[in-house]
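Below is one structure, written out as structure tokens; comments come after it.
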Amino acid sequence: QVQLVESGGGLVQAGGSLRLSCAASGRTFSRYTMGWFRQAPGKEREFVAAISWIGGSTYYPDSVKGRFTISRDNGKNTVYLQMTSLKPEDTAVYYCAARASAIQFTTTDYDYWGQGTQVTVSS
């Protein structure tokens, strides 16, 4: 079992930056692929970033590539999402997720989810 708790969301102006954190419980955190997803009102939850269990591989959709960076600190059981050059269309609830296998990009592939943290980007 893995429990995930996100933090770091908030209100930021367009062009600004935020760093989200996701703290995980469990002794085997380092063995999990970690992902970030987001869900805007009226839209489906979408993939934002993922990182392999040793941190050697990262993946992003084109919508955030070059602006968002996922990283992890296995010693602290924490995964981060650094978001820069934020746009109003980045406004959403951001969720951290974990899966005990290789990187995947859909919500159904992840076994554990946090409660989400709101990110609002004003224009």
Side-chain angles (χ1 to χ4, degrees):
Q1 284 282 347
V2 177
Q3 292 184 325
L4 305 172
V5 179
E6 301 97 334
S7 62
L11 174 64
V12 64
Q13 289 188 332
S17 300
L18 278 176
R19 188 177 81 157
L20 306 183
S21 299
C22 173
S25 66
R27 294 174 293 176
T28 58
F29 171 76
S30 62
R31 308 295 288 185
Y32 284 84
T33 290
M34 301 299 297
W36 285 96
F37 291 76
R38 67 186 180 187
Q39 188 166 19
K43 295 188 177 181
E44 293 187 352
R45 196 170 296 189
E46 64 175 358
F47 170 72
V48 174
I51 188 167
S52 61
W53 65 277
I54 58 172
S57 297
T58 58
Y59 293 88
Y60 308 91
D62 288 342
S63 58
V64 307
K65 194 174 294 182
R67 300 189 298 121
F68 290 11
T69 302
I70 188 172
S71 61
R72 66 190 298 162
D73 185 336
N74 288 339
K76 295 182 178 180
N77 279 15
T78 302
V79 63
Y80 304 97
L81 185 68
Q82 179 69 49
M83 305 184 294
T84 63
S85 302
L86 283 162
K87 305 174 181 180
E89 51 263 43
D90 294 319
T91 295
V93 177
Y94 282 71
Y95 297 90
C96 174
R99 70 187 306 270
S101 190
I103 288 179
Q104 294 290 342
F105 312 111
T106 61
T107 58
T108 54
D109 292 315
Y110 286 76
D111 304 305
Y112 304 100
W113 292 84
Q115 84 289 349
T117 185
Q118 176 71 47
V119 172
T120 303
V121 184
S122 63
S123 58

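These numbers come from the heavy atoms of this one structure, side chains and all, not from hydrogens, waters or symmetry mates.
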Validation: residues 51-63 side-chain donor-acceptor distances under 3.5 Å, sequence neighbours left out:
from: Ser52; atom 1: OG; to: Gly55; atom 2: N; distance (Å): 3.4
from: Ser52; atom 1: OG; to: Gly56; atom 2: N; distance (Å): 3.1
from: Ser52; atom 1: OG; to: Ser57; atom 2: N; distance (Å): 3.0
from: Tyr60; atom 1: OH; to: Ile70; atom 2: N; distance (Å): 2.9
from: Asp62; atom 1: OD1; to: Lys65; atom 2: NZ; distance (Å): 3.4

* Asked: Do the side chains of Tyr95 and Leu86 join up, straight or via other hydrophobic residues, at under 4.5 Å, putting them in one cluster?
  -> no

* Asked: Are Phe47 and Leu81 grouped together when hydrophobic residues (ILVMFWY) are joined by side-chain heavy atoms under 4.5 angstrom apart?
  -> no

* To do: Quick one: sort the Tyr94 and Phe68 rings into parallel, tilted or perpendicular, breaks at 30° and 60°.
  => tilted

* Do any pairs count as a salt bridge (Lys or Arg N to Asp or Glu O under 4.0 Å) and have a residue in residues 83-102, sequence neighbours left out, and if so which ones? -> Arg38-Asp90, Arg67-Asp90

* **Qualifying residues under ring-ring contact (aromatic ring centres under 6.0 Å, His included), relative to Tyr110, sequence neighbours excluded** => Phe37

Report yes if the side chains of [X] and [Y] come closer than 4.5 Å at any heavy-atom pair, otherwise no.
X      : Y      : result
Trp113 : Arg45  : yes
Asp109 : Phe105 : no
Tyr80  : Cys22  : no

Heavy-atom pair with the smallest gap, counting every atom of [X] and [Y]:
X      : Y      : answer
Ser122 : Leu11  : CB-CD1, 4.3 Å
Leu4   : Gln115 : O-OE1, 3.7 Å
Gly116 : Val93  : CA-CG1, 3.8 Å
Ser85  : Ser17  : N-OG, 4.4 Å
Tyr112 : Val2   : CD2-O, 3.4 Å
Val79  : Cys96  : CG1-SG, 3.8 Å

Distance-only, no hydrogens or angles: does the [X] side chain make a donor-acceptor pair with backbone N or O of [Y] under 3.5 Å?
X      : Y      : answer
Glu6   : Thr117 : no
Thr120 : Thr91  : no
Ser25  : Gln3   : yes

* Asked: Between atom OG1 of Thr78 and atom CE of Met34, what is the distance when rounded to the nearest 0.5 Å?
  -> 9.0 Å

* **Spacing of Glu46 atom CD and Gln39 atom CD [to the nearest 0.5 Å]** => 9.5 Å

